[in-house]
Asker: 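Take a look at the following structure, please.
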Amino acid sequence: MNNYKKIELATWPRASHWEYYRTIVKANVAMTKKIDVTPVVEFCKQENRHFSPVMLHVICKTVNSLDCMKMFADQQGNPCLWEEIHPNFTVFHKDDETFSDIWMEYYPDLEMFEENYQKILAQYGDKKGIKVRENQPPNFFPVSCVPWISFDSVTTQTVGSTMAPLFPIIDYGKYELDHGKYRMPVSISISHAAMDGFHLAKFFEILQRNADAMKPE
């Protein structure tokens, strides 16, 4: 579940970028973009599925397709790549207006992913506290839905941390109808050691492609 490989700095084109953003300028980068989720909305309506797990799967599929979003540093500070990373999603509790984190296993197959999502939600969805499922693996990434607002920008800062996190922090908001298309804001924050502007653009490109692929036949 948490297999990984070490990156060889001697032959890695981004070795100097890694060293610079891990030791000198410990910066993170962030970007927000509205994507067209019309195919996802229409797929869910036609198949009588819930939007949340389907959209979460689209995001997880995108994240796991990019090596730069699966990085971590080992105990010696060397860059490594997880084989895959798993989502740590949030659940809102209406009664006290708090939320809880729940991690779940990522499955490339949508049916297996949805089945596991519903099982995990039924088991842990009503539990209170910041972390409600034990044994969270090290190869995870946080993803949160803010369904009450269609925002223009979100930036996540890890105040007090000596390093910006190498895993992506993803937020997505309320989708709204815009000129006949449902558009939804998606925000990502991550260490500059892991991603540059090119990689951020690639993330949104693949995310849109994976959303488009959900178009009903």
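From a predicted model like this one, the values you see are computed outputs, not experimental measurements. Numbers here are sequence positions counted from 1. Atoms considered below: every heavy atom in the structure, side chains included; atoms not considered: hydrogens, waters and symmetry mates.
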Asker: Show me, pair by pair, the donor-acceptor contacts under 3.5 angstrom made by side chains of residues 43-53, not counting sequence neighbours?
Answerer:
unit_1: R49; atom_1: NH1; unit_2: E114; atom_2: OE1; d: 2.1
unit_1: R49; atom_1: NH2; unit_2: E111; atom_2: OE2; d: 2.7

Asker: Looking at every non-hydrogen atom in both residues, tell me the closest pair between D36 and Y182 and how far apart they are.
Answerer: OD1-O, 3.3 Å

Asker: Is it the case that one hydrophobic cluster holds both V58 and I120, taking links as side-chain heavy atoms less than 4.5 Å apart, direct or via other members?
Answerer: yes

Asker: Are F99 and I170 in one and the same hydrophobic cluster, where Ile, Leu, Val, Met, Phe, Trp and Tyr link if side-chain heavy atoms are under 4.5 Å apart?
Answerer: no

Asker: Taking atom CD of E115 as the centre, report whether more than 12 heavy atoms of other residues, nucleotides or ligands fall under 6.0 Å from it.
Answerer: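 Result for CD/E115: open.
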
Asker: Please determine whether a side-chain nitrogen of the Lys or Arg among D196 and R14 lies less than 4.0 Å from a carboxylate oxygen of the Asp or Glu.
Answerer: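 Salt bridge flag = yes for R14 with D196.
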
Asker: Counting only heavy atoms not in K131, do more than 12 fall under 6.0 Å of its NZ?
Answerer: yes

Asker: Please report whether the ring centroid of F167 lies less than 6.0 Å from that of F140.
Answerer: yes

Asker: Between L177 and G180, which heavy-atom pair has the shortest distance, and what is it?
Answerer: CD1-C, 3.8 Å

Asker: Looking only at atom types and distance, does a side-chain atom of S153 sit under 3.5 Å from a main-chain N or O of T32, one as donor and one as acceptor?
Answerer: no

Asker: So, for V91 and G125, which heavy atoms are closest and what is the spacing to 0.1 Å?
Answerer: CG1-O, 3.7 Å

Asker: V154, L207: one ILVMFWY side-chain cluster at the under-4.5 Å cut-off?
Answerer: no

Asker: Flag the pair W148 / F92 as yes when their ring centroid distance falls below 6.0 Å, and as no otherwise.
Answerer: yes

Asker: If you measure from CH2 on W12 to CD1 on I7, what distance do you get to the nearest 0.5 Å?
Answerer: 4.5 Å

Asker: Is there a path of hydrophobic side-chain contacts, each under 4.5 Å between heavy atoms, that joins Y107 and W82?
Answerer: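 Same hydrophobic cluster.
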
Asker: Where do V63 and K70 come nearest, in terms of heavy atoms and distance?
Answerer: O-CG, 4.1 Å

Asker: Report the distance from atom CD1 of I149 to atom NZ of K174, rounding to the nearest 0.5 Å.
Answerer: 9.0 Å

Asker: Determine, stepwise, if the pair S100 / H93 fulfils side-chain contact (heavy atoms from CB on, under 4.5 Å).
Answerer: CA-CA 8 Å; S100 298; H93 306 295; 2.8 Å; yes

Asker: Nearest 0.5 angstrom please: M104 CE to R133 CZ, how far?
Answerer: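 Answer rounded to 0.5 Å: 8.5 Å.
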
Asker: For the residue pair H192 and V25, establish whether any side-chain heavy-atom pair is separated by less than 4.5 Å.
Answerer: no

Asker: Tell me whether D178 at atom CG has more than 12 heavy atoms from other residues, nucleotides or ligands lying less than 6.0 Å away.
Answerer: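 Result for CG/D178: enclosed.
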
Asker: Closest heavy-atom contact between V37 and M55?
Answerer: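 Result for this residue pair: CG1-SD, 4.0 Å.
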
Asker: Quick one: CE on M71 to CD1 on I85, what's the gap to the nearest 0.5 Å?
Answerer: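 Taking CE in M71 and CD1 in I85, the distance rounds to 11.5 Å.
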
Asker: Test your reading of the model: is there a side-chain donor-acceptor pair from D212 to the backbone of P39, 3.5 Å cut-off?
Answerer: no

Asker: Might you point out which heavy atoms bring F151 and Y172 nearest each other, and give the distance in Å?
Answerer: CE2-C, 3.8 Å

Asker: Starting at CG of D126, measure out to CG of L121 and round the result to the nearest 0.5 Å.
Answerer: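 Going from CG on D126 over to CG on L121, the span is 8.0 Å.
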
Asker: So how far is it from E19 CD to I24 CD1, rounded to the nearest 0.5 Å?
Answerer: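 If I round to the nearest 0.5 Å, the distance is 9.0 Å.
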
Asker: Is the backbone of A193 close enough, under 3.5 Å, to the side chain of H17 for a donor and an acceptor to pair up by distance?
Answerer: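 Answer holds: no.
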
Asker: Backbone N or O of D171 within a donor-acceptor pair of the S144 side chain at under 3.5 Å?
Answerer: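 Absent.
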
Asker: Report the C-alpha separation of L166 and R22 in whole Å, then their side-chain angles, then the decisive distance to 0.1 Å, and conclude whether the side-chain contact (heavy atoms from CB on, under 4.5 Å) test is met.
Answerer: CA-CA 10 Å; L166 292 166; R22 291 286 288 176; 3.8 Å; yes

Asker: Could you tell me whether E205 and R209 have a side-chain N and a carboxylate O separated by less than 4.0 Å?
Answerer: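 Judged by the 4.0 Å cut-off on N to carboxylate O distance, E205 and R209 do form a salt bridge.
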
Asker: Can C145 and F89 be said to form a side-chain contact (heavy atoms from CB on, under 4.5 Å), step by step?
Answerer: CA-CA 8 Å; C145 179; F89 66 97; over 6 Å; no

Asker: Would you say the side-chain atoms of T98 pair up with the backbone N or O of K128, donor to acceptor, closer than 3.5 Å?
Answerer: no

Asker: With a 4.0 Å cut-off, would you call K6 and D74 a salt bridge?
Answerer: no

Asker: Show, in sequence, the C-alpha distance, side-chain angles and deciding distance for M69 and F141, and conclude whether the side-chain contact (heavy atoms from CB on, under 4.5 Å) test is met.
Answerer: CA-CA 9 Å; M69 303 188 80; F141 74 99; over 6 Å; no

Asker: Got more than 12 heavy atoms from elsewhere within 6.0 Å of CD, Q76?
Answerer: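 Enclosed: over 12 neighbouring heavy atoms sit under 6.0 Å from CD of Q76.
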
Asker: Do any N or O atoms from the side chain of W103 and from the backbone of E134 form a donor-acceptor pair under 3.5 angstrom?
Answerer: yes

